[in-house]
Amino acid sequence: MRSSVPASTDWRVHKFGGTSLATPARIRHVADLLGDRDRPLAVVVSAVSGVTDRLLALAENAHTDPDGLSDRLQSLRDDQRAMVSDLLDRDTAASVLDALDQDLDDLADVLRATHLMGTAPDTTRALVAGYGELWSTRLLGGVLRSRGLSAAVCDAREVLVVTHEKLGPVVDWDATRRQFANWRAARSEFDILVATGFIATTPDGVPTTLGRNGSDHSAALFASLLGAEALTIWTDTDGVMSADPRYVPDARRLDVLSYEEALEMAYFGAGVIHPRTLSPAIEHEIPITIRNTFAPDRPGTRIHLEDDGASVVKGFSTIDDVALLNLEGSGMIGVPGIARRLFDALEDEGVSVILISQGSSEHSICFAVPQAEAKVARKAAEQAFYAELDRGQLRTVELVPDCSILAVVGDRMTGTPGVAATFFGALGEASVNVRAIAQGSSERNISAVVDGDDAHRALRAVHAGFYLSKRTLSIGVLGAGNVGAALLDQIRTEADRLRDEQDIDLRVRGIATSSRMLRAEQRLDLGTWRDDLAEGDAADLDAFVDHVQTDYHPHTAIVDCTASGAIARHYRGWLERGIHVVTPNKKANTGAWDAYQALQAASRGPGPQYRYETTVGAGLPILRTLNSLTETGDQVHRIEGILSGTLSYLFNAFDGERPFSAILRQARDEGFTEPDPRDDLSGMDVARKVVILAREMGVSLGLDEVSVDGLVPGPLRDGSVPSFLDRLPEHDADMTKLLRDARANDKVLRFVGSVTRDGDASVRLRRYPVDHAFARINHTDNIVRFQTDRYADTPLIVQGPGAGPQVTAAGVFTDLLRLIS
Ligand code: ADP
Ligand code: ASP
Ligand code: MG
């Protein structure tokens, strides 16, 4: 469609920020987005990102470092030329390059003059800074033209007339409309208006700017000039997020904001919108949409008259680099006009006060100003209250530098109880020291002054306080073998249901093996982790744990699915830094008694927990049963059990028909044994479980104190696995004899571990009557008998499948859920 500028009221205005134009590919992408249009378009563009900074640095350094000047100019020239030749065909490029050369020559002259004058006045700075927008508009205009669109490039200095007032640039609308009419009159019809952001002119015709980040403001001015029906600001985030995503990885896109909410967020530093942008749009009720140039299919954030009522609290932001000034003293009590005198004095000095908070006792007034204005502000206050300070009615004017203001914004915070409680509760939990508090009279925001060093942590903490479930768990899984893999698959299957039904948000944010690790800021894709891990980074345990523990997740857990003693040695440190530890790894609980006790001490109380239910009996609630007995005051006298799924299976299958060695070989082939079956037959694994049970009873048993009669025949202890398997039949006769003897007495053979209150612990093959509970088990069942005061005549028995990755993983999963239930 070909539209002439006049008459149309259905203009749409688009603004592209510097990052959206940073490379030739991105500029082409922007042209693609604009090609798709059904009504008149105006496009306002920033300088290519970084160019304004470079230009300002040139102006800044022209008089101090004239030698570097020509190099810097040359590098700007090279970069611009490279973009031109990448984007434009020869004919179009020629005129753009001519204009560029002319600009750079002018720029060199201006900078030389600056050097001679020894200073760069504001007017010079404004002129120099504005070239970036001229260059980017010409580039985009050229690309659009080369696609057959008639694009009219507009140097906004020919149109926008502004004066600079205390609160920023003010548009002279009459002059601007007149200038725009002249500009249009001098042009024939066109499809797209491509205008420079940022720059404007004074009524005297002197080039000026709208201030840093001013292109958004330019876009809003063009929108109101054209009576546009919509303004779209394209940037590098999905819209206005609930907080700056650079500091809050968990920030979410806000769907809708009211103008007032957006103003408040902008005022409190949400860098994606600027307060001045909004005012022309608000006056004409032009809806603004913030969208992601790099994900144009996403809906973005709509800013218009009404909010959507979706949530009470919308966004969080910080203003950094502020100083807090505190006026304190009894001399202020009941004296009228103190605040007026103070703020008049500050106004006279041109200090902008960002936040005010007065104690209701009138004992103190506290206010925040930009750090750069702090000294002037203090001096102004001291002069205003010279007499009171002199008489001691006021103590000093205290200045606290390096603070930040943290604000929470939302239209309907008014009359919603609990918002302030959540806000300050979250700060308290994160141990953030709050120096001053202010609640806007609109109750559209609450703000707090905190130490600058704490600001981003505080931001994450309050964001989490409102947006994250209290039952959010940041999880790092170590070891991706059978159990680890099964656990990850189980979490994947259950995560959505847990979130929807129980508000439990399980976020696996890291997986590591001894060689590789995989990390994600939000959560890993558990559908593809196997492939992703293979491509992951080299493993680094400290970096991994640092990643998993953040200051914005209410809970962190490391799940150790390895069998490594080296990993187990980290548990205590992790617990001490507030990380829960969940593991099926027996190493930590069977090592030195002191270390075991230290671990128990570190996990006592309401803080981080250490859970290891699966170290005995895989998914069976064996330790839990034991704990509930002892916690309720029962005396446990003896625990006895079949604690190895493998050995359980071997003796269930050993019925005399087939030799023991054949059963073992088959079990190994079917994956029921360790790769070296001697690890099962030695009884050491059972002995470890006996130690864990004993310690859980309060008995300080060590592994070397367990009397173990293993099943590996002496001569076969050394040597390779194949030779062991080959030679085991030599001992079949002994085993068969044991079985025959037992049977002759109506007994069965079972491999059992046991421990008593006195620390009497053993692991060995025993005989049980055929009607004994241990005789009637199946397959790989584990079974444990607790003989206690309460269960004296009939012992308490826990029985069930006690081996296999699936049940073990399910047990680990249960432990994980218990952390946050
Ligand atoms: P452009 O180059 O498009 O003008 P800016 O850098 O000026 O972009 O603004 C976008 C940046 O603003 C984002 O990359 C983000 O880091 C920052 N930002 C700060 N607060 C917010 C917020 N609440 N939502 C989105 N972005 C924010
Ligand atoms: N290019 C200008 C700046 O960097 C204006 C803008 O990008 O909005 O401040
Ligand atoms: Mg910007």
Side-chain angles (χ1 to χ4, degrees), residues 14-23 26-27 29-30 43-57 59 125-126 128-137 156 160 169 195-200 208-222 232-255 257 261-277 288-295 298 300-301 303 313-320 406-410 455-456 459-460 462-463 467:
H14 294 265
K15 179 261 171 177
F16 290 91
T19 37
S20 303
L21 304 157
T23 61
R26 290 186 180 182
I27 293 178
H29 174 63
V30 166
V43 190
V44 177
V45 294
S46 292
V48 167
S49 73
V51 171
T52 311
D53 289 334
R54 286 163 77 184
L55 289 164
L56 280 169
R125 257 183 246 233
V128 172
Y131 278 104
E133 270 70 11
L134 288 175
W135 298 338
S136 59
T137 19
L160 298 179
T196 54
F198 189 44
I199 52 178
T208 188
T209 73
L210 301 175
R212 290 314 304 266
N213 280 305
S215 297
D216 294 350
H217 191 197
S218 310
L221 293 177
F222 272 100
T232 308
I233 293 179
W234 297 86
T235 183
D236 60 349
T237 59
D238 279 350
V240 181
M241 311 292 284
S242 51
D244 189 335
R246 280 171 304 180
Y247 310 125
V248 182
D250 216 38
R252 5 207 124 159
R253 182 182 62 82
L254 301 174
D255 213 18
L257 287 174
E261 285 173 328
L263 272 175
E264 208 88 0
M265 290 244 343
Y267 178 77
F268 283 102
V272 69
I273 22 176
H274 304 279
R276 282 196 301 269
T277 322
I288 305 177
T289 311
I290 315 281
R291 294 179 65 181
N292 191 339
T293 314
F294 309 108
R298 299 192 192 145
T301 300
I303 305 174
V313 164
K314 289 288 175 60
F316 305 84
S317 50
T318 57
I319 306 179
D320 296 327
L406 170 66
V408 47
V409 171
H456 295 152
L459 185 66
R460 286 188 284 272
V462 292
H463 188 272
Y467 275 102

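Counting convention: from 1, in listed order, for ligands and their atoms alike. When reading the values below, keep in mind they use all heavy atoms of this one structure, side chains included, and skip hydrogens, waters and symmetry mates.
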Q: Examine ligand 2 and decide if any of its atoms is less than 4.0 Å from a heavy atom belonging to Glu133.
A: yes
Q.
Donor-acceptor pair, distance only, cut-off 3.5 Å: does the side chain of Arg460 make one with the backbone of Asp250?
A. no
Q.
Looking only at distances, can you tell me whether any N or O atom of Asp216, backbone or side chain, sits closer than 3.5 Å to an N or O atom of ligand 2?
A. no
Q) Protein N/O/S atoms under 2.8 Å from the Mg ion (ligand 3): how many? A) 1
Q. Is Arg26 close to Thr293 at the side-chain level, that is, under 4.5 Å between some pair of heavy atoms?
A. no
Q: Check for a donor-acceptor pair, side chain of Thr301 on one end and backbone N or O of Gly239 on the other, with a separation under 3.5 Å.
A: no
Q: Go through Lys314 and Asp255 one step at a time and tell me if the salt bridge (charged side-chain N to carboxylate O under 4.0 Å, His left out) criterion holds.
A: CA-CA 10 Å; Lys314 289 288 175 60; Asp255 213 18; over 6 Å; no
Q: Decide whether the shortest distance between a heavy atom of Gly17 and an atom of ligand 2 is less than 4.0 Å.
A: no
Q) Salt-bridged, Arg212 to Asp53, with N to O below 4.0 Å? A) yes
Q. Which atoms from ligand 2 have a heavy atom of Phe198 less than 4.0 Å away?
A. 2 (C), 5 (C)
(Q) Looking only at distances, can you tell me whether any N or O atom of Arg212, backbone or side chain, sits closer than 3.5 Å to an N or O atom of ligand 2? (A) yes
Distances under 3.5 Å, N/O of ligand 1 against N/O of the protein: list each pair and its distance.
residue, atom, partner, partner atom, Å
ligand 1, 2 (O), Gly18, N, 3.3
ligand 1, 2 (O), Thr19, OG1, 3.4
ligand 1, 3 (O), Thr235, OG1, 2.7
ligand 1, 4 (O), Lys15, NZ, 3.3
ligand 1, 7 (O), Asn213, OD1, 3.4
ligand 1, 8 (O), Thr235, OG1, 3.1
ligand 1, 14 (O), Asp236, OD1, 2.8
ligand 1, 14 (O), Asp236, OD2, 3.2
ligand 1, 16 (O), Asp244, OD1, 3.0
ligand 1, 16 (O), Arg246, NE, 2.9
ligand 1, 20 (N), Gly271, N, 3.4
ligand 1, 23 (N), Met241, O, 3.0
ligand 1, 24 (N), Met241, N, 2.8

